[in-house]
Amino acid sequence: MSPSKSKLRPDLAAIAAHVAPGSRVLDIGCGDGALMAELQARSQVDARGMELDLEMVERCVARGLSVVQGDANTDLADYPDKAFDYAILSQTLQTATRPDLMLDELLRVGRRAFVSFPNFAHWRTRAALMFGGRMPVTRALPVTWYETQNIHHVTVEDFRELARAKGANIERAWFFANEKEISAPAANWRAEFAVFQLSR
Amino acid sequence: MNAAAPSKVYQLPQPLPLDSGQALEGAQVAYEAYGELAADRSNVVLVCHALTGDQYVASTHPITGKPGWWDRMVGPGKPIDTNRFHVICANVIGSCMGSTGPASEALDGKPFAMRFPVITVRDMVRGTVALLDGLGIERVHTVVGGSMGGMQALSLAANWPDRAERVLVIASTARHSAQNIAFHEVGRQAIMADPAWADGDYYARGTRPDNGLAVARMAAHITYLSEEGLTEKFGRRLQDREAKSFGFDADFQVESYLRYQGSGFTRRFDANSYLYITRAMDYFDLAEEHGGRLANAFEGSEARFCLVSFDSDWLYPTAESRHIVHALNAAGAKVSFVELSAPHGHDSFLLEHEQLDRVVKGFLE
């Protein structure tokens, strides 16, 4: 199995860079397994995935990855406490039935968690809503309101508040705009995507 | 039914110990092999057959003349590629296609019949492991099986954890449910209610319990299909007639289909083997063998697992596969799982299914 040649998405690259070699990882909503493949190839990480979409699961299996077809809303309950060094939820929080409960589960099955999501408070989104008066369709949120899988739009500030309410420590955070990392100040305005590293 | 001469037979050098505490003396295991064995013996794929299957996985069946039961899966360039893998498929102990079973001669020269010891799935795997020993194969690249074949693959992984690198389990279960046992009991009672069964001692007689065996097969066959599949294939259509006969002929197409399945089966299968093998499946409970906790069965396993279920399979539904996946996760084993969509119920694993092909191929590579 060779590491994927294509470049990782910036949020995944930030996560990949901060997963300790040799650790056990659960990638929830792992898609086609790009992050898992990278982690396994680069730092001998024991990566497991969970993914709802059958075709994605099939692609993971064909890549030699261990992926269980399942729904993160319900199936995380099957994993024992602290079964993983890291639980990763990339671009999936906003699709969860109950993001708060999913964050609990994430911090239960993993010693640490990484969460990445599109920031709904990005200026482009705000502008679209303010001036267009319609639900924004932007680079970060490219699907119309009735077709989107994102059922709980969240902002950087909302997430910080949720982490506080859940008693989770935010150990690190990364913010991205135009595929590039940006500094933390004013991230709630400027970031298209955010990545948080949490523990409890 | 005449026992066909299998192409290869392995005579076990020692008695085969059984879960019942008995041992099977002078047992033999019949098998087929395909593709070249690599010099370092690293390319063996062990295929385990289902209840009424046999070792003719990818070669013409000697009695029916039909292609092998997984001919579409095993062969040159196929998902289990015999250009790359050396595929071995053994007939299970208790069966009737060359491996020692109730129709075989006991030490007194007469068929065992009901003197054959009751066996388990683990006993079947013991026989297959003895064959691997005899062939000098310490570790297989992959063990794969559907239905009862999946039970054997799980049993091998649990009881001989060093013998398989990868374990592929399709449409199977870690234990037989009450419903599974109930259907098997219907089949067994149908066989034993046939006067020609003669307490299992029919081999020397001119008649065999074909009617009972056919009914057993008909009942089982329904469990292999889905309502959707049956409706699509037959609906309520009549067979070779314009109107109902107001009698008990096979008015409906589905009736004549089942009768055909039943009678075809009696030509290639021994009724006593059906009793013994269904019993072995009913006894199967991998958790029970391992202290009541399924995860114990896989503790410390280094193997990679892949489980596949079909959404229309009500014999071994997806929940059974998920149950195994949870146990593997709890044991920290490497596991993948997919539920594939298919209209044809349990039998889907034997039928054309492109996604299954891709999963199998991908998992083996």
Side-chain angles (χ1 to χ4, degrees), chain A residues 1-2 4 22-33 36-37 39-41 44-87 105-106 108-111, chain B residues 79-81 141-142 144 165-170 293-296 298-312 318-342 348 353-365:
Chain A
M1 188 184 61
S2 59
S4 67
S23 49
R24 280 171 56 79
V25 168
L26 178 64
D27 188 356
I28 299 150
C30 62
D32 69 356
M36 295 203 298
L39 287 172
Q40 286 195 346
Q44 292 85 50
V45 161
D46 178 3
R48 313 297 172 85
M50 180 184 285
E51 172 61 46
L52 196 54
D53 185 320
L54 172 63
E55 269 180 46
M56 292 293 171
V57 178
E58 190 193 299
R59 278 158 73 175
C60 289
V61 173
R63 286 171 99 161
L65 300 167
S66 297
V67 175
V68 171
Q69 186 184 17
D71 184 343
N73 288 304
T74 51
D75 295 357
L76 282 176
D78 301 328
Y79 291 84
D81 291 359
K82 308 296 176 201
F84 298 93
D85 297 307
Y86 303 93
E105 282 293 87
L106 216 58
R108 183 185 65 78
V109 301
R111 295 174 201 286
Chain B
I80 301 176
D81 190 348
H141 178 280
T142 302
V144 50
E165 260 171 67
R166 302 175 201 211
V167 183
L168 178 51
V169 176
I170 305 167
R293 187 169 171 265
L294 188 57
N296 292 350
F298 308 113
E299 211 64 57
S301 177
E302 300 279 317
R304 270 181 54 202
F305 291 79
C306 183
L307 283 100
V308 179
S309 70
F310 294 96
D311 57 1
S312 57
T318 291
E320 300 288 341
S321 290
R322 282 196 176 279
H323 180 63
I324 300 166
V325 171
H326 298 165
L328 286 163
N329 268 324
K334 290 188 172 133
V335 55
S336 290
F337 164 69
V338 272
E339 180 190 56
L340 300 177
S341 192
S348 298
H353 198 295
E354 277 182 34
Q355 282 174 324
L356 178 65
D357 291 359
R358 285 200 295 269
V359 169
V360 170
K361 188 173 195 298
F363 183 68
L364 260 60
E365 272 172 3

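A, B, ... follow the sequence lines: proteins, then strands. Residue 1 opens every chain. Worth knowing before you read on, the calculation uses all heavy atoms, side chains too, and leaves out hydrogens, waters and symmetry mates. Bear in mind that the values here come from a model prediction, so they are computed numbers and not experimental data.
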Top of B/C306, B/G332, B/A330 for chain A proximity - count of heavy-atom pairs under 4.5 angstrom: B/G332
Would you compute the distance between atom CG of B/L294 and atom CD of B/E299 and round it to the nearest 0.5 angstrom? 11.0 Å
Which of B/H326, B/K361, B/R166 touches chain A most, by non-hydrogen pairs under 4.5 Å: B/H326
Would a 4.5 Å heavy-atom cut-off, applied to side chains only, mark A/M36 and A/V25 as touching? no
Is B/V325 in contact with chain A via its backbone, its side chain, both, or neither, using a 4.5 Å heavy-atom distance? side chain
So what's closer than 4.5 Å to chain A heavy atoms on B/A327: side chain, backbone, both or neither? neither
Cut-off 4.5 Å, heavy atoms of chain A, and the answer for B/E365 is neither
Nearest non-hydrogen partners of A/M56 and A/G31, listed with the distance: CB-O, 3.4 Å
Surrounding CZ of B/R304 (heavy atoms of other residues, nucleotides or ligands, distance under 6.0 Å), is the total greater than 12? yes
Of A/S66, A/A62, A/G49, A/C60, the largest count of non-hydrogen pairs under 4.5 angstrom with chain B goes to A/S66
Carboxylate-amine/guanidinium contact A/D75 B/R322, below 4.0 Å: yes
Looking only at heavy atoms and a cut-off of under 4.5 Å, which of B/V338, B/L364, B/V359 has the most pairs with chain A? B/V338
Minimum heavy-atom distance A/L26-A/L76, with the two atoms named: CD2-CD2, 3.9 Å
Could you tell me which portion of A/R24 (side chain, backbone, both or neither) has an atom closer than 4.5 angstrom to a non-hydrogen atom of chain B? side chain
